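These figures come from a predicted structure and were not determined experimentally.
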Amino acid sequence: MTTTIDFLSHLNPNQRRAVEHFCGPLLVVAGAGSGKTRALTYRIANLIVEHKVNPENILAVTFTNKAAREMKERIQKLFAEQMALSEFGERYDLLPEYDQVRLRSKVYKHIIKDLWCGTFHSLLSRILRFDIDKYQDEKGRTWQRNFSIFDESDAQSLVKEIVTKQLNLSDKKFNPRSVRYSISNAKNQGLSPKEYEKEEPNYKGRVIAEVYNCYQDKLAENNALDFDDLILVPVRLFQQNEQVLGYWHHKFRHILVDEYQDTNRTQYQLISLLTTFGEQKSQWNWENRSVFVVGDADQSIYSFRMADFTILLDFQQDFGDGLADEDTRSMVKLEENYRSCENILEAANHLIENNTQRIDKILKATRGEGEEIFYFQADDEVAEADFAIDKIRSLEKENPDLNWGNFSILYRTNAQSRPFEDILVRNGIPYTVVGGLKFYDRKEIKDVLGYLRAIANPADTVSLLRVINTPRRGIGKATIENLTNAAQELGTTMWEILSDETSVNTLAGRSAKSVNNFVRMISRFQQEVENLPASEILQNILDESGYVQDLHNQGNDEAEDRIRNVQELYNAVRQYEEEAEQDASLQGFLASTALSSDLDNLKEGQTAVSLMTLHSSKGLEFPIVFLVGLEQGLFPNYRSMNDPAALEEERRLCYVGITRAQERLFLSHARERRLYGTREPAVRSQFLDELPRELLATQYSRKIAYKKGDARSAPVGSNNTNNTNNTNNGKPTPNINWQVGDRVMHKSFGAGEITHIFGGGSKVSVAIKFPGLGQKIIDPRVAKLKKIE
DNA sequence: AAAATTGTTGCCAGC
DNA sequence: CAACAATTTT
């Protein structure tokens, strides 16, 4: 691998700057479709080839498992191509299949295998498999390395149990869902129960803090973590144990983070600790060390899980030189869009300009104008689906280049998929729905995984209780209650009680025999874990537990379906074992199931129409996109309509949707929609009115006739702060040296305080915190600001 | 202890 | 209109 990779030649100057970056911090502001994945993969390759960085010193954080997998594949291919030239003097794709495979596996073995590339959750669960036994929380709770990962429904049932059984509170006043949400938010902000109570000292806050505390007890009792813990625990561990932090800080010399605008405070802390070893800025040493983040504040759509895009905006202050755009060496902007046709981009740019909380960035088209955007108003949701599928059929028929996989239907909520599915089925068009009911959320899958979890982690009482009487073994409520109480009294895990036959005989009465049989079976499996691969354990469970037999006896179609799904799970284990050479353990597999998302199964080159939410579509692209259900209350969602910041997030979501389209974009809505079973009238979304009309065509006219002269200005009623002339009475703010902490007066938002300054010189923007309105980013040249003393 | 029936609540997004 | 929970029946 001595020759230089020539890939640098097909990059634009800014991409090239990003890819060639070696040490120190760099923020890559990457607009939609600007080739950021390419920048990330090429940079990793460049680090290894050009700067001789050892792959095991690289940590790359992606937003989904799918993105991680694709990134690894692309790097693998880059190296294989490189080696083809240096070893065979031949182009990779001209080599015989046999040599290609050989090259790829060689690259895998020497490079890809050692790369740490994955989501925050999967990477950190891997770190915790090494080090969680060195962690102790503020109450002295500890965990072992074979911990379980509880999913959202596990977490919610724990909360429910605590609220109703332990604290005897009404689950109406403290509904488990929202309490769980509060706890999750607390964790994502790094708050312990005590700290949360300090923040929310009212009655409700005190109760939630108490639930949170008990919830942590339960997690620890089960030797389990929830999703949020996978991030929070490593942060706390790093803060309390310098040796552990030192190890990982030393190992991960080059850190890359994709979709940085969607990181939350805890994730930021983690990156910060790993990069800086928790030291003061003056102590930092960037020799052979870098932190490289990629993101786009306009695509920040996960604030509901505490993502905070000001983290991205602060990057240069936190890690970099903090200099203005023109002078900075710690930021690169990618504004050239290689994905969408000009009409689509123009619509997207126009829409997002209605947001005040943003940094100016315009996507520049590199492709042709393309076809007009099509807008359709349907009578109801069924007619809307009819329209979309009609279009899909005719387009597919007319264009031999298109296949079903080139189409996607994007909506705001999962519930909207139904009518589209119905009509796709009726037309015999293959499709896949991403999200909704996940494979691993199915009852039969959770049951079987329950066995595996109980075997991998005997302390996992939740899983144990799930399977102890599944299938029916005559172990009933009374027996389980006795056992639970006993475990409680003795302060041990239920498994310890169960392991002792005499105890079981006294406690379980009539059911003792079945309980003991069950326990013996699980013990046997636990011993097998040492010597057998997970797939064989699973096979034994299916044979010996009677689970499949029980399904078989039911004899209906639904049961047959379930058996097939269980079989599918077996295939998944086998596949996992083949792919994951380094961690082919049962625990590794269980972690992968807990952290998998539906998206991960969406394969490239699949020839089926994709249906998914706008959130899921982030990072994807399709030649033809249908953005449906553009109605007030649905999109933007009614819960966002009275909150300016939330509304802006909805608009960003719409921006994400539009920028998924490469060639053609269809926008639609219904005039009437079924909701909760009743028909409700629907009004077209305000986002439609924020698009330039002359870009839209309808079923009646080639292009919508637009009103008088003022073609490209925003429609009446929007607050377009970039339109200097009609929002500000002509006078922009004179060039003042703004400073953080300045109190200012804004014409429509009132008094506020400057919290950040972005850029410098003549093109600054400032972030201002307005009481009650939250933080906004404003360009003082455009919006009139007055300094108040 | 399990099945059948009636009642209730919820649709925002997801690792 | 669903899924899900609580309640009653067998």
Side-chain angles (χ1 to χ4, degrees), chain A residues 61-68 118-125 149-153 155-157 160 164 171-172 175-178 180-181 184 187-188 225-232 259 262-264 266-267 300-307 381 410-419 434-438 440-441 443 469-481 510-511 514 554 591-600 612-618 629 631 633-641 643 646 649-650 652-654 656-657 673-680:
Chain A
V61 186
T62 59
F63 200 68
T64 61
N65 295 304
K66 178 170 178 268
T119 62
F120 272 109
H121 296 268
S122 69
L123 292 166
L124 293 176
S125 78
I149 299 170
F150 278 6
D151 66 24
E152 209 40 54
S153 73
Q156 246 174 64
S157 11
K160 189 180 175 185
T164 57
D171 57 354
K172 292 221 170 89
N175 114 314
R177 210 179 119 103
S178 78
R180 161 68 194 140
Y181 186 64
S184 180
K187 286 187 172 186
N188 285 323
L225 300 179
D226 65 21
F227 288 136
D228 308 315
D229 287 330
L230 293 177
I231 321 285
L232 182 56
E259 307 286 7
D262 281 320
T263 53
N264 63 37
T266 325
Q267 290 164 339
S300 162
I301 54 173
Y302 279 97
S303 72
F304 72 89
R305 56 182 206 211
M306 292 283 101
E381 74 278 0
L410 309 180
Y411 36 74
R412 177 68 239 265
T413 69
N414 279 309
Q416 286 167 254
S417 73
R418 176 64 69 75
V434 176
L437 186 70
K438 280 196 298 176
Y440 292 110
D441 286 341
K443 184 185 177 298
N469 198 33
T470 321
R472 316 247 120 90
R473 299 187 175 89
I475 302 170
K477 213 171 118 191
T479 307
I480 285 169
E481 203 164 310
R510 277 182 310 196
S511 319
S514 347
Q554 289 177 24
S592 81
T593 62
L595 303 175
S596 92
S597 81
D598 225 25
L599 257 183
D600 303 334
M612 69 188 87
T613 63
L614 288 154
H615 281 91
S616 296
S617 78
K618 189 168 84 159
E631 291 145 40
L634 186 61
F635 188 30
N637 189 267
Y638 67 99
R639 303 161 102 116
S640 319
M641 290 180 54
D643 176 349
E649 178 146 323
E650 295 283 305
R652 290 195 292 271
L653 194 53
C654 189
V656 167
R673 183 175 293 273
R674 265 198 127 78
L675 202 66
Y676 289 128
T678 52
R679 297 205 150 276
E680 298 286 346

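- Separating the OG atom in A:Ser184 from the CD atom in A:Glu152 is a distance of 6.5 Å, to the nearest 0.5 Å.
- Atom NE2 in A:His615 sits about 13 Å away from atom C1' in B:dC15, given to the nearest Å.
- A:Tyr638 comes within 4.0 angstrom of sugar-phosphate atoms only, judged by non-hydrogen atoms across all strands, and of no base.
- C:dA6 sits 23 Å from B:dC11 when the C1' atoms are compared, rounded to a whole Å.
- Counting non-hydrogen atoms under 4.0 angstrom, A:Lys160 reaches the backbone sugars and phosphates but no base.
- A:Tyr676 places its OH atom 11 Å from the C1' atom of B:dC12, with the value rounded to the nearest Å.
- For B:dG14, neither phosphate oxygen OP1 nor OP2 lies less than 4.0 angstrom from any side-chain nitrogen or oxygen of A:Ser597.
- For A:Glu649 and B:dA13, the CD to P distance is 14 Å, given to the nearest whole Å.
- Phosphate proximity of B:dC15 to A:Thr64: absent, as no side-chain N or O sits under 4.0 Å from OP1 or OP2.
- Close to B:dA1, at under 4.0 Å from its OP1 or OP2, lies no side-chain N or O of A:Arg510.
- Between A:Ser640 and A:Arg180, the one whose closest nucleotide on DNA chain B sits nearer the 5' end is A:Ser640.
- Judged as a ring-ring contact (aromatic ring centres under 6.0 Å, His included), and not counting sequence neighbours, A:Tyr638 has no contacts.
- Residues A:Tyr181 and A:Phe304 meet the side-chain proximity criterion, which asks for heavy atoms closer than 4.5 Å.
- Looking at heavy-atom distances under 4.0 Å, A:Asn414 makes contact with sugar-phosphate atoms alone, never a base.
- Residue A:Gln416 holds its CD atom at 10.0 Å from OG1 of A:Thr613, rounded to the nearest 0.5 Å.
- For the pair A:Asn264 and A:Arg305, the minimum side-chain heavy-atom distance is 4.5 Å or more.
- The aromatic rings of A:Phe63 and A:Tyr302 are tilted relative to each other, their planes meeting at an angle between 30° and 60°.
- Under the stacking definition used here (centres under 5.5 Å, planes under 30°), the residue A:Tyr302 fails to qualify as stacked on the base of B:dA13.
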Output one line per pair: protein atom, nucleotide atom from nucleotides 2-4 of chain B, and distance, for all N/O pairs under 3.5 Å.
residue: B:dA3; atom: OP2; partner: A:Arg472; partner atom: NH1; Å: 3.1

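- Following rounding to the nearest Å, A:Arg412 (CZ) and B:dG14 (C1') show an atom-to-atom distance of 12 Å.
- For A:Arg305 and B:dG14, the shortest distance from a side-chain N or O to OP1 or OP2 is not below 4.0 Å.
- Minimum atom distance to the side chain of A:Arg639 is reached by B:dC11, of the listed B:dA13, C:dA2, B:dC11.
- The closest donor-acceptor contact from the side chain of A:Arg412 to the backbone of A:Leu634 lies at 3.5 Å or more, if one exists at all.
- Computed from coordinates, the A:Ile301 CD1 to B:dG14 C1' distance equals 11 Å when rounded to whole Å.
- Considering only heavy atoms from C-beta on, A:Ile149 stays 4.5 Å or farther from A:His121 through its side chain.
- Computed from coordinates, the A:Gln416 CD to C:dA2 P distance equals 16 Å when rounded to whole Å.
- At whole-Å resolution of the value, CZ in A:Phe304 and C1' in B:dG14 are 5 Å apart.
- Judged by atom type and distance alone, A:Glu152 reaches the base of B:dC15 through a side-chain donor-acceptor pair under 3.5 Å.
- Listed nucleotides B:dC12, B:dG14, B:dC15 differ in distance to A:Thr119; the shortest reach to its side chain belongs to B:dC15.
- For the pair A:Gln156 CD and C:dC4 C1', the computed distance is 13 Å after rounding to whole Å.
- With A:His615 as reference, A:Leu653 is the one residue of A:Thr413, A:Val656, A:Leu653 to meet the side-chain contact (heavy atoms from CB on, under 4.5 Å) rule.
- Heavy atoms of A:Arg177 sit under 4.0 angstrom from primed sugar atoms or phosphate atoms, though from no base atom.
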Could you run down the sub-3.5 Å N/O contacts of the protein with nucleotides 6-8 of chain B?
none

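- Few gaps surround CZ on A:Arg473; more than 12 heavy atoms of other groups in view lie less than 6.0 Å from it.
- With respect to A:Asp226 and A:Arg180, a salt bridge is recorded, a charged nitrogen being found less than 4.0 Å from a carboxylate O.
- Counting non-hydrogen atoms under 4.0 angstrom, A:Ser616 reaches the backbone sugars and phosphates but no base.
- Residue A:Leu675 places its side chain closer to B:dC11 than to any other of B:dC11, B:dC15, B:dC12.
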